[in-house]
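The residues of the chain are indexed from 1 along the displayed sequence.
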Amino acid sequence: MVSPAFSAQDQAAMRQAIAASREALAAGDNPFGATLTAPSGGLLFTARNQQNTTRDCTAHAELVLVREASAALGPEALRGATVFASGEPCAMCAGAMFWAGIARVVYAASQDDIAQALGGPQLATPCAELLAQARPPVAVQGGLLRDEAAAALRGA
């Protein structure tokens, strides 16, 4: 689902997530990053993928973000917040964000972009389709700074 209604704050948060994806790649991990913002829009936390460096197949950027932000800020900080993800979240990450109380997910590169850049296994249920089943609802928007994120996926 793509929405043209992104604010300057949204763009800044996504650029942080994309920067974290480049940091992940430089560290030897998969190129994904995520940023958490408060319902008011203020930046709260940024995390990157850590699958290779931690030898944890669940250490996707969004899951690391949920774990670390919850530990550092308390679980109440996540309720009603927004996650900006450099790549469309997988089903595991979408579930974690739902259970954490995230109200909005914004991603840059789509699952198709990720598949084209990286190949490999895919859990190809679109994030918006999965979270459309959530109660309470989770808003999902895609395509914010897609080209920048796709370039980061390719290591460019």
Quick check: do [X] and [Y] have side-chain heavy atoms less than 4.5 Å from each other?
{"X": "Leu144", "Y": "Tyr107", "result": "no"}
{"X": "Leu153", "Y": "Phe32", "result": "yes"}
{"X": "Thr35", "Y": "Met14", "result": "no"}
{"X": "Thr82", "Y": "Val106", "result": "yes"}
{"X": "Phe84", "Y": "Gln16", "result": "no"}

Between [X] and [Y], which heavy-atom pair has the shortest distance, and what is it?
{"X": "Ala27", "Y": "Thr53", "value": "O-CG2, 3.4 Å"}
{"X": "Gly74", "Y": "Leu78", "value": "O-CD1, 3.8 Å"}
{"X": "Pro31", "Y": "Leu25", "value": "CB-CB, 4.0 Å"}
{"X": "Thr37", "Y": "Ala13", "value": "CG2-CB, 3.8 Å"}
{"X": "Ala61", "Y": "Ala47", "value": "O-CB, 3.9 Å"}
{"X": "Ala20", "Y": "Gly33", "value": "CB-CA, 3.9 Å"}

Is there a path of hydrophobic side-chain contacts, each under 4.5 Å between heavy atoms of I, L, V, M, F, W or Y residues, that connects [X] with [Y]?
{"X": "Leu63", "Y": "Val140", "value": "no"}
{"X": "Val83", "Y": "Val66", "value": "yes"}
{"X": "Leu36", "Y": "Val138", "value": "yes"}

Consider only side-chain N and O atoms of Asp112 and Ser110, and report whether a donor and an acceptor are under 3.5 Å apart. no
Does the side chain of Arg48 pick up a donor-acceptor pair with the side chain of Ser86 at under 3.5 Å? no
Expected list for residues 89-105: side-chain donor-acceptor pairs under 3.5 angstrom, two or more places apart:
residue, atom, partner, partner atom, Å
Arg104, NE, Gln141, OE1, 2.7
Arg104, NH1, Asp10, OD1, 3.3
Arg104, NH2, Asp10, OD2, 2.9
Arg104, NH2, Gln141, OE1, 2.8

Arg79: which residues meet the salt bridge (Lys or Arg N to Asp or Glu O under 4.0 Å) condition with it, sequence neighbours left out? none
Would you mind telling me which of Arg22, Arg154, Arg15 makes a salt bridge (Lys or Arg N to Asp or Glu O under 4.0 Å) with Glu148? Arg15
Taking Gln111 for its side chain and Thr125 for its backbone only, find out whether a donor-acceptor pair lies under 3.5 Å. yes
When you measure from the side chain of Glu88 to the backbone of Gly142, do you find a donor-acceptor pair of N or O atoms at a distance under 3.5 Å? no
Mind checking what makes side chain to side chain contact (heavy atoms under 4.5 Å, CB included) contact with [X], not counting sequence neighbours?
{"X": "Asn52", "result": "Asp29, Asn30"}
{"X": "Ala38", "result": "Ser40, Leu44"}
{"X": "Pro137", "result": "none"}

Could you give me the CA-CA distance, side-chain angles and deciding distance for Gln50 and Glu68, then say whether side chain to side chain contact (heavy atoms under 4.5 Å, CB included) is met? CA-CA 12 Å; Gln50 298 177 12; Glu68 291 183 354; 3.7 Å; yes
Glu23: which residues meet the side chain to side chain donor-acceptor pair (under 3.5 Å) condition with it, sequence neighbours left out? none
